[in-house]
Structure formats: C-alpha cells, structure tokens
Amino acid sequence: MPTDQTVKTLIHGEWNVSSSHKTVDIYSPHKNELIGQVPSLSQEELDASIKSTVEAQVAWESKSIQDRGDILKKWADILEERKEDIGHAIMNEVAKKKGSAVSEVTRTADYIRYTVEEAFRLDGDVKRGDGFKGGSPQKIGMVEKAPLGTILAIGPFNYPVNLSASKIAPALMQGNSVIFKPATQGAISGIKMVEALIDAGLPKELITIATGRGSVIGDFLVQHPSVDMITFTGGTGTGRHISELSSMIPVVLELGGKDPAIVLEDADLDKTAKEIVQGAYSYSGQRCTAIKRVLVKDEIADELAGKIQAQVDDLSVGMPEDNATITPLINQKSADDVQNLIDDAKEKGATVVTGDKREDNLLYPTLLDHVTADMNVAWEEPFGPVLPIIRVSDQEEAIRLANESEYGLQASVFSKDTERAISIANRLEVGSVQLNAKTERGPDHFPFLGVKASGLGVQGIQESLLSVVRDKVTIINM
Ligand code: G3P
C-alpha cells in the first residue's frame, strides 16, 4: 500500500502510484532501514502508458533540435541546482560516499550539455548518384538521421543518475521518446532526476518510468512491440537474457568486466600502486570498470604488493555520510558473493595481505596475493572491494591470462616503455586500454565499449547519439 514515503512514478503523463496500490520497498544498504517505496506497476498500466509515450514522440520529433536542446540544457541546470538533494538520495539509496554522490549529479549535468552540443553537430550526408556503375548524376541521395522511435533505457544501481541520464539524454536529443526502467535500488534517485527534466519543460507523456518488480515487468518491457531499441547497463547474465529476448531491434549493452592491470618490471611502482588502488577500490569496487585483477611480473610482485597494501590500509572504511571510500555493499547477497570468492581463494592457498574482515554487508578492503588460475576470484567478477594479485613469469603469460577471461571491458598496462606498452595493448581483447593509469569510463565523450561478455555496441556521447537514430534516405530524381 502507498504511504507518505511512496515516491510517485511517471505514467500516462501523470505522477502517480500504481492503480493496484502495490509498491516495492527500498531499503538503505547502510542504515538498514526503509527509506521509501516506489510503485509496483502492472503490465496493463505500463502498456497504456507506453501507448501515450509512443504517441508523444511524433510531436517531439517535429520540434527543432534547438528547442529540444533548450529543454535539455535547462535540465542540466536544474540538476546542478538540486545536486545536494539528488546526491543525498543517491547516497541513501546505494551507499555511495557523499562527495561522489553529489559529483555524480554534476558529471551528469556536464554530460547532458555536451550531448546537446554534439547533437547539433551530427549532420546527415548527401550522396552523388553517378558514383556507381549505371547510376546517374540526375540522382541525389539525401541521407538524414531519423529517430528510432521509443527507446527502452535500463539503468544500473551503481550510477543511478549518471548512467540513466546518459541513455535518456541522447535518446531525447535525437527526437525519440523513452521508457526508463531504473534499477529498483536507485529508483528514487532516478525519479528525482526525471522530475528535474519535467520541470525543465519536457512533455510528461514523453517518458514512462517503469518502476516495479523485474520479474513482472522486465521481460514484458524487453519484448514490448513498441520498443524500437534497448540500451542497458548491468550484469552480463541479464544482458545476455535481453539480447536473447529482443528481436529485430538494436541493443546496446554495457555489462560486467574483469579488468586486468598488467604491471611490467620497468613500471613506476609508486604511481602504479596509487592508480591500482583508486581503480580497484573506489565505491567499494562496485564499478564495471574497476581493476579486478593484477597481473604482475614475479620479480617485482613483492614490492608492488607492499606498496598496494600500504595504500589499501589507508583507505577510509565506514559510512557514506562520512565520505568513506569503502562503504557497505548494495545488499547482503552481494557481500556474500564477494566473501565466497575470498574464502574459496583462501582455501586454495591464496595469501590474505590485508582485509578479509566483514561487518554485515560492509566488507573491508581486501588484497589477496599468490592467486592462481584454479581460484574463482581469478576469473569471476567481484562487485566489491577485493583485489587478487596473480604473479606471472613473463609478459606473454600476462597477455594470455588477460585474454583468457570471458570479459573484455578495459585493461591497464603499466610500463615506462611506451612502445612495449602499446604493443601489449594491441593484443588485448578489450574495449579500451589505459597506459599507466587506472581503468575508467571517462572522459565521458570517449567511446566506451566492452567486447566478449562485457557488452555489445558502443556508448560515449557521439556513439550514444548515433545508436538511437537510423539512416533515412530520400532520393531526388531530377
Ligand atoms: O560501472 C559502470 C561504469 O560506467 C563506470 O564508470 O566512471 O566509474 O569508470 P566509471
């Protein structure tokens, strides 16, 4: 039943609760208390709402791109004005440290502004008709970029505002309407983000916010005949499922990772240790782009492990309100999964350099050394603060282990020999390689992609804008 803690969702052009009065409870991961509820929508009410969202797209597409851009720029301004309030919601809902929660909102505002500017610059093309045998100069092909229609944007819990807006903004800017399915944990923050967009002047019917139980509405949305494209960030299992269910529509998937940091004997180990610790442990390791294994040459492994340990021991552990780097994980199950990986490694002979301490879902930052290929943590993605060190005898072994992973999101290579680092980068089966720096998505206008089990399609601002349009060709016959 809705209560005064129930946050209304946007359906059928209205802020409303479910007509069934069903709700989904949202608990704070760190306070372990109910912080609100969101409506649990039924398939029937979503269906009706999607109909109005599809109809609203026609008028939106016919607006000038300048007019659409004005609304989105205002959205960015309002988000910035509300950064404390929305940041507070993110912090409460996903236990992200306060500073990062607020900067997620400002990063989002910057992302939206760049999206608007970039969309202004994406023009179509004109083709000459006599360039192919049998063609004619009397034919001219006008190639425009037309919106796909209605985009299903499915966001993750770890960046409930940023990774949702980075799907919604390109979709709207290109003249599409949007069905937004927030992660349940993150839905309150996502709704606040869309409130800002409506306050900026977006017609309410243009977005349906599909809150509710994934088991009830997930497959229904993915298979809905009015959905023209799906953009999803989340786990690889769900990504595969979406890719199997969706039929004859484009999908962009940003999934899991097992990003390796390859450290060669000539690396600057102080810098390397600093980058690795930031890359592995920020937001308690709950980032698809986190460094999730270190592949280090044997001869420098002791020294590197010592330097990493010193920095890990300095990480603040505690509550997001206190701006701690390591905070409680999103839920107990997630903490259990990470703990199981640590226990399995210990049983099989890994050394705990530091950490392996737990208070409910708060896991202390853990560094494991002497991890070997028979241990699950060598291959599985922990969404938590544990980093395995795998010692290798030469760079060929590092490349082989890096590529043996089912994932292929990003990798780092640490070496003072740039030519050597580039030659290794060229052989790594990943979307991006960072030379002498931690893995990360930003700057956000760079192409962002994973290969193998890490994803499909490309994000990044220009690429995201192109992912929600198709070519529309009109041929003038003179
Ligand atoms: O986990 C999702 C991914 O987009 C992370 O981004 O900025 O933390 O590297 P970032």
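Start at 1 and go down the list; that is how both ligands and their atoms are numbered.
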When you measure from the centre of the six-membered ring of Tyr407, is the NZ or CZ of Lys258 under 6.0 Å away and within 45° of the axis?
no
For ligand 1, is any non-hydrogen atom under 4.0 Å from Tyr283's backbone (N, CA, C, O), its side chain (CB onward), both, or neither?
neither
How does Asn158 reach ligand 1, by side chain, by backbone, by both or by neither, if only non-hydrogen atoms under 4.0 Å count?
side chain
Between [X] and [Y]: side-chain donor-acceptor atoms closer than 3.5 Å:
| X | Y | value |
| --- | --- | --- |
| Arg213 | Ser215 | no |
| Asp417 | Ser415 | no |
| Arg121 | Gln462 | no |

Assess Gln459 for proximity to ligand 1: is some non-hydrogen atom of it under 4.0 Å away?
no
So, 4.0 Å and heavy atoms of Gln286: is ligand 1 close enough to count as a contact?
no
Among all protein heavy atoms, pick out the one at the shortest distance from [atom]; state its residue, atom name and that distance to 0.1 Å.
| atom | answer |
| --- | --- |
| atom 4 (O) of ligand 1 | Arg441 NE, 3.0 Å |
| atom 9 (O) of ligand 1 | Thr289 OG1, 2.6 Å |
| atom 8 (O) of ligand 1 | Tyr159 OH, 2.4 Å |

Which of the numbered atoms in ligand 1 are under 4.0 angstrom from any heavy atom belonging to [X]?
| X | value |
| --- | --- |
| Leu163 | 2 (C), 4 (O) |
| Glu440 | 9 (O) |
| Glu254 | 2 (C), 4 (O) |

Test Val458 against Phe448 for side chain to side chain contact (heavy atoms under 4.5 Å, CB included), laying out the working first.
CA-CA 6 Å; Val458 187; Phe448 180 50; 5.8 Å; no
Counting heavy atoms only, which of Arg287, Glu104, Arg107, Gln410 is nearest atom 7 (O) of ligand 1?
Arg107
Can an N or O of Thr233 be found at a distance shorter than 3.5 Å from an N or O of ligand 1?
no
Does an N or O anywhere in Cys288 fall below 3.5 Å from an N or O of ligand 1?
yes
Would Glu440 and Glu275 satisfy side chain to side chain contact (heavy atoms under 4.5 Å, CB included), going step by step from the backbone distance to the final call?
CA-CA 11 Å; Glu440 63 181 340; Glu275 291 288 326; over 6 Å; no
Leu341 and Glu380: side chain to side chain contact (heavy atoms under 4.5 Å, CB included), yes or no, with the steps?
CA-CA 8 Å; Leu341 288 175; Glu380 289 178 26; 3.4 Å; yes
What closest approach, in Å, do Ile399 and Ile424 show between heavy atoms, and which atom pair accounts for it?
CG1-CG2, 3.9 Å
Side chain to side chain contact (heavy atoms under 4.5 Å, CB included) assessment of Met193 paired with Ser164
CA-CA 9 Å; Met193 173 196 66; Ser164 302; 3.9 Å; yes
